[in-house]
S.K.: 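I'd like to ask some things about the structure below.
Note that the structure is predicted; figures quoted are calculated from it, not measured. Below, each value reflects all heavy atoms present in this structure, side chains not excepted, and no hydrogens, waters or symmetry copies.
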Amino acid sequence: MKKMIKKVIAPVLVITVLFAVLRPFCIQDGKCNYFLLLLLMGIPFGIGKMCVWMVPRGFDLGGTLAVWMMNFLIGGLIGSIVLLAMIGQAIIYLCVFLITGIHKIPRIK
């Protein structure tokens with residue numbers, strides 16, 4: 001049951017909270033821009049996975065902000081891939097959990 005909580009319930013709960021918080025920022029002309037939403041939702045997952053940060057040196061304020069935004073953009077791209085992999089892993093683990101649970105039901109006495 002601990003694996004179920006760790007691999008299915010916790011990631012789905014985090015993704016749901018991120019979706020609820022970030023969705024209002026992605027509404028454009030009454031429609032949701034899902035690519036922007038996926039990019040914003042990927043930032044918390046991707047920043048920790050980035051191996052190299054570009055550190056702005058010798059730039060003015062505009063150049064420094066551009067380098068930081070590029071860091072967040074790359075982190076969002078990496079994080080969106082990690083986010084989709086987490087969703088896939090949760091679906092696969094839930095299917096495995098249900099199949100093994102169905103096979104264990106007749107054995108319970």
S.K.: With the 4.5 Å side-chain cut-off for hydrophobic clustering, are L18 and L39 part of the same group?
M.R.: no
S.K.: Kindly determine whether V8 and I91 satisfy side chain to side chain contact (heavy atoms under 4.5 Å, CB included), including the steps that lead there.
M.R.: CA-CA 8 Å; V8 176; I91 290 170; over 6 Å; no
S.K.: Check whether any side-chain heavy atom of I27 sits under 4.5 Å from a side-chain heavy atom of K31, and report yes or no.
M.R.: no
S.K.: With sequence neighbours excluded, give me every ring-ring contact (aromatic ring centres under 6.0 Å, His included) pair touching residues 5-47.
M.R.: none
S.K.: Should side-chain heavy atoms under 4.5 Å link Ile, Leu, Val, Met, Phe, Trp and Tyr, which residues sit in the same cluster as V55?
M.R.: none
S.K.: Return all side-chain donor-acceptor pairs below 3.5 angstrom for residues 56-64, not counting sequence neighbours, or 'none' if the list is empty.
M.R.:
from, atom 1, to, atom 2, distance (Å)
D60, OD1, G63, N, 3.2
T64, OG1, D60, O, 2.9

S.K.: Side-chain heavy atoms under 4.5 angstrom apart, residues restricted to Ile, Leu, Val, Met, Phe, Trp, Tyr: same cluster for L73 and M69?
M.R.: no
S.K.: Assigning hydrophobic clusters by single linkage (Ile, Leu, Val, Met, Phe, Trp, Tyr; side-chain heavy-atom cutoff under 4.5 Å), is L13 placed with I5?
M.R.: no
S.K.: Please give the remaining members of the hydrophobic cluster of V12, linking ILVMFWY side chains under 4.5 Å, ordered by chain and number.
M.R.: none
S.K.: Extract all donor-acceptor atom pairs below 3.5 Å that involve side chains of residues 77-89 and protein atoms in other chains or at least two apart in sequence.
M.R.:
from, atom 1, to, atom 2, distance (Å)
S80, OG, G76, O, 3.3
S80, OG, L77, O, 2.8

S.K.: Could you go through the side chain to side chain contact (heavy atoms under 4.5 Å, CB included) check for L37 and M41 one step at a time?
M.R.: CA-CA 6 Å; L37 181 63; M41 287 176 62; 3.9 Å; yes
S.K.: How far apart are the closest heavy atoms of Q28 and L36, and which atoms are they?
M.R.: NE2-CD2, 4.1 Å
S.K.: Scan for ring-ring contact (aromatic ring centres under 6.0 Å, His included) pairs involving residues 65-96, sequence neighbours excluded, and state none if there are none.
M.R.: W53-W68
S.K.: Look up atom CG in N33 and atom CG in L40, then write down how far apart they are to the nearest 0.5 Å.
M.R.: 9.5 Å
